[in-house]
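Basis for what follows: all heavy atoms, side chains included, without hydrogens, waters or symmetry-related copies. Below, read A as the first sequence line, B as the second, and so on, with proteins coming before strands; counting in each chain starts at 1.
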Number of protein chains: 2
Amino acid sequence: MASQAFDMEIFFKALADRTRLRLLNLMREDEVCVCFFVEVLKTNQPKISRHLAYLRKAGIVAARREGKWMHYRIVTPSHPHAERVMKEVMTWLSEDRETQRDRERLIKVCCSPQPPLQIQGAPRPASLST
Amino acid sequence: MASQAFDMEIFFKALADRTRLRLLNLMREDEVCVCFFVEVLKTNQPKISRHLAYLRKAGIVAARREGKWMHYRIVTPSHPHAERVMKEVMTWLSEDRETQRDRERLIKVCCSPQPPLQIQGAPRPASLST
DNA sequence: AGATCATATTCGCTTTGACGAATACAGATG
DNA sequence: CATCTGTATTCGTCAAAGCGAATATGATCT
């Protein structure tokens, strides 16, 4: 039975960190390149990479390479209950103040005519590419 | 807005532990006395009390004193998303192998004509009192 | 009051995980 | 090849949290 294959403890541990929740929020609609996470969360790159690795090991996100760039996206859990919890979490995040501001900043960074140095040339999230 | 009053990180940290999930599962239908948790999870009493305190501080359970005994029950979160996640978690637990076995053991311990010494005289969960 | 029972808390220890800084790796480019 | 750039990992440190054992607290009963 699918209920047995999925470790609830690992799943909730992955959700039990503010930085990881903010990362998931930024991936809500699309896969997103690591450099955008760094820019939007205004933190250092190793921290982002470590949290993404944590989420990846928990089976919650997947990575795709595109040249030098890595894109991360949310993986819909195969377990039905986990899937519903994830869906609820994503809605929850869409109504949270801080994560709303994060998304505004993502849009700003992506669509600005003069993007930050770190970002120039990076592949934009599909839904935000102009 | 209610979304701001509830800390997602604290909420998920509370769910991110196997022992706490097992405790919540035992409280699924009723409030339950501490001594039953100890008996069913076959562990020491301080461990149970510490995890219950953790859940209480996270606002997920509440305690009621009845003489020497303490009963714990699940508190429905005031936050709508938290409430839906909790509901999903409870269903999830009802389909999980280990937690199913826990409930079977709870019933056995409660309804046995010859209950373990630790339990004799303890107030039974309402739904299981014979 | 003293004894007993159920539960809570503290203590000392160990593990986990978060962090910044430094370093390693992988792909692109010259 | 060397170099640069984006990302991943390692290192050392620190705080959080898990644990068993011991102890404290609070209620009941004699």
Close residues, residues 43-56 of chain A, relative to DNA chain C [heavy-atom separation under 4.0 Å]: A/Asn44, A/Pro46, A/Lys47, A/Arg50, A/His51, A/Tyr54
Separation of A/Phe6 CZ from B/Trp92 CH2 (nearest 0.5 Å): 5.0 Å
For atom NE2 of A/His71 and atom P of D/dA8, their distance in whole Å: 11 Å
Distance-only polar pair, side chains of A/Arg22 and A/Asn25, donor-acceptor under 3.5 Å: no
Rounded distance in Å - CH2 (B/Trp69) to C1' (D/dG26): 13 Å
Under 3.5 Å donor-acceptor, A/Asp17 side chain and A/Thr19 backbone: yes
Side-chain touch B/Leu26/B/Arg103, heavy atoms, less than 4.5 angstrom: yes
Rounded distance (Å) that lies between atom C1' of C/dA3 and atom NZ of B/Lys68: 12 Å
Touch class at under 4.0 angstrom, heavy-atom based, for B/Tyr72 against every strand present: sugar-phosphate
Modelled atom types, side-chain donor and acceptor of B/Thr91 and B/Glu95, under 3.5 Å: no
Integer-rounded Å distance: C/dG17 P and A/Phe12 CZ: 16 Å
A/Glu9 CD - C/dT15 P separation (whole Å): 17 Å
Pairs flagged by salt bridge (charged side-chain N to carboxylate O under 4.0 Å, His left out) wherever residues 40-53 of chain A is involved - sequence neighbours left out: none
D/dG18 phosphate, OP1 or OP2, under 4.0 Å from B/Arg20 side-chain N/O: yes
Under 3.5 Å: donor-acceptor pair, side chain of B/Arg20, backbone of B/Lys13: yes
d(CZ, A/Arg64; P, D/dG6) in whole Å: 17 Å
Integer-rounded Å distance: D/dA16 P and A/Lys13 NZ: 16 Å
5′-ward residue of the pair A/Asp17/A/Arg65 relative to DNA chain C: A/Asp17
Distance, rounded to the nearest Å, where A/Arg18 contributes CZ and C/dG17 contributes P: 20 Å
